[in-house]
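Each remark here refers to the structure printed beneath this line.
FYI, the numbering just counts along the sequence from 1. Atoms considered below: every heavy atom in the structure, side chains included; atoms not considered: hydrogens, waters and symmetry mates.
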Amino acid sequence: MQTPIPLTQKAAILEDYEKDIVIKTDHPVVQPSELKPNECLIKLEFSGVCHSDLHIRKADWSKKSILPLVGGHEGIGRIVAIGDHSHAGSVKIGDRVGVKWIGGVCGRCEMCRKGHESCESNPLHGTFQEYVVSFVDYVTPIPEALDSASGTPILCAGMTVYKALKQSKCSIGQWVAISGAGGGLGHLAVQYAAAMGLRVLAIDTGKAKREMVLKLGAEKWVDFKESEDLIKDVQAATDGGPQAAIVAAGDARPFNQAIMYLRATGTLVAVGVPAGAGLMNSLTIVGSAIGNQQDAVEALEIAALGKVKCRYEVKKLEDINQIFSDLEEGKVAGRIVIKL
C-alpha cells in the first residue's frame, strides 16, 4: 500500500535576498489531484547544494528569481504520483529519478532544436524540500548501481563538467588543466577526465584538496597560493601547456591565467564566465552551461560504472545557512548533499 502523501512538508525557502534561508515545516505539498498533465510528484531522498544556490541567494546574477523560492536543483527520489492524462509509458510510480537545474524545456525554440535544452520554459520550485513537482518527460532515470547520495551531485555538478570536457575536444593522452579541482565540480571533473583517458593537472590550494585530487586521478598539482608564477608552473608540468583548461570559477584570475598557460590552438571551456578576458594564440574559448538530457544519462552511467564517485558530506536541511557560509568561504572539499 502506498504511503499517504502529507499536506505539508519541511522546506528551505528564500524569502528575501541576502537574508538567511528560512526553514518551514508547514510548506504545502502539491497533491496528486493538483498535478497537471505530464507533471509528477517526487518524494526526494537527497538534495545537492550548488554554488549557484549561493549566487541566487545573493542576487548577484543579472536575472533574479521570483521570491519566495524553494532553492536547490539536484535531487533524487521516487515518483509517488503522476498527473492525469500524462504521456503513457515514460515513467511510472515508484521509479527512482533525478531532477536537474532545467525543470523542463519547450522543445520547439532554436536552442532546443539544436540540442542545447537551455530555454528553461518551465521554472519550478527546487529540491530543498521533501516533495517536488517535475515533468515526466524531463526527469532522469537513475541507474540501479548508483546510490542516491553520491548520484545527486551528478545531476548538476557532474553533468556540467562532463559536458565541458566533451566540449574541450581533448583526445586520449592530452593534458587538461582543471581550476578549482578540489571543489564540488572540480573533483568530479578530475574523475571524468581520467575516465576519458586525459592527463589531468589540478589547480587548487590546500593539503586536503591536493591529496584528494591526486587519489582521484590527477597526475600533477599546482597550488595557486603557493605558486610564485602559476603560468610557468602549469606549462612546466604539462610539457609546454595543456591542450584544454576547464575553469569553473566566476573569478577573472583563473580565466585570464588559463589564456596565458594554454598551448597554441588550445581550448578554454568557461563553466563560469567572468569579464575582462582577451584572445591570443588562436585559442578557442567556449562556454558550457550544464548539459542536455543525454549528457545527464551518460554522466550517471559513468558514475554507476564506478569510474566517478562524488566525495560528499551529508547534512540536514536545517544546516543550509551554514552550508552557504562554508561555500562562500571556500571550505567545502567535494560536495554537500542534504538528506531529506
Side-chain angles (χ1 to χ4, degrees), residues 50-52 54-55 153 156-158 160-170 174-194 196 198-214 216-238 240-263 266-281 283-290 311 327-335:
C50 180
H51 218 96
S52 298
L54 179 59
H55 285 297
C156 178
T160 296
V161 296
Y162 173 64
K163 176 65 176 292
L165 287 161
K166 288 170 68 176
Q167 289 187 285
S168 76
K169 307 296 183 184
C170 267
Q174 291 186 326
W175 281 101
V176 58
I178 299 173
S179 296
L185 278 77
H187 88 288
L188 293 171
V190 169
Q191 295 176 77
Y192 278 111
M196 295 164 73
L198 306 181
R199 304 181 72 184
V200 178
L201 167 74
I203 303 172
D204 212 317
T205 187
K207 180 180 178 182
K209 290 183 177 180
R210 177 183 181 276
E211 292 178 353
M212 178 177 68
V213 298
L214 291 176
L216 294 178
E219 288 187 45
K220 300 289 182 69
W221 161 268
V222 172
D223 190 310
F224 67 81
K225 286 189 177 180
E226 296 181 357
S227 175
E228 295 183 0
D229 191 329
L230 185 138
I231 294 165
K232 286 185 178 179
D233 288 344
V234 170
Q235 289 177 329
T238 56
Q243 282 85 2
I246 308 296
V247 180
D251 190 285
R253 286 169 294 182
F255 189 86
N256 289 325
Q257 288 165 344
I259 289 175
M260 300 301 294
Y261 64 61
L262 278 165
R263 69 177 61 199
T267 299
L268 166 57
V269 185
V271 178
V273 186
L279 298 175
M280 62 186 301
N281 290 338
L283 299 180
T284 298
I285 300 178
V286 298
S288 183
I290 56 171
R311 264 55 176 179
L327 279 175
E328 194 163 18
E329 296 172 16
K331 293 181 179 179
V332 177
R335 200 71 162 176

>> What I'd like to find out is whether the side chain of C50 reaches to under 4.5 Å of the side chain of R335, using heavy atoms alone.
In response: yes

>> Main chain of A181, side chain of D204: is a donor-acceptor contact present, judged purely on distance under 3.5 Å?
In response: yes

> Is a donor on one side and an acceptor on the other found under 3.5 Å between the side chain of E219 and the backbone of V200?
Replying inline: no

> Can you tell if the side chain of P242 reaches within under 4.5 Å of the side chain of L201, non-hydrogen atoms only?
Replying inline: no

>> Contact between F255 and L268 at the side-chain level, heavy atoms closer than 4.5 Å - yes or no?
In response: yes

> Is it true that a side-chain atom of D223 and a backbone atom of T205 form a donor plus acceptor pair closer than 3.5 Å?
Replying inline: no

>> I want to check something: taking the side chain as every heavy atom from C-beta on, are W175 and K220 in contact at a cut-off of under 4.5 Å?
In response: yes

>> Within this structure, what is the SG-CG distance for the pair C156 and L188, rounded to the nearest 0.5 Å?
In response: 10.5 Å

>> Run the side-chain contact (heavy atoms from CB on, under 4.5 Å) test on V271 and V247 for me, step by step, so that the C-alpha distance in whole Å, both residues' side-chain angles and the decisive distance to 0.1 Å come before the verdict.
In response: CA-CA 6 Å; V271 178; V247 180; over 6 Å; no

> Is there a side-chain contact between D233 and W221, using heavy atoms and a 4.5 Å cut-off?
Replying inline: no

> Does the R263 side chain pair with the main chain of G241, one donor and one acceptor, at a distance under 3.5 Å?
Replying inline: yes

>> So E328 and L54, do their side chains get closer than 4.5 Å, heavy atoms only?
In response: yes

> Distance-only, no hydrogens or angles: does the R311 side chain make a donor-acceptor pair with backbone N or O of M212 under 3.5 Å?
Replying inline: no

> Does the pair I203 and I178 meet the rule for a side-chain contact (heavy atoms from CB on, under 4.5 Å), with working shown?
Replying inline: CA-CA 6 Å; I203 303 172; I178 299 173; over 6 Å; no

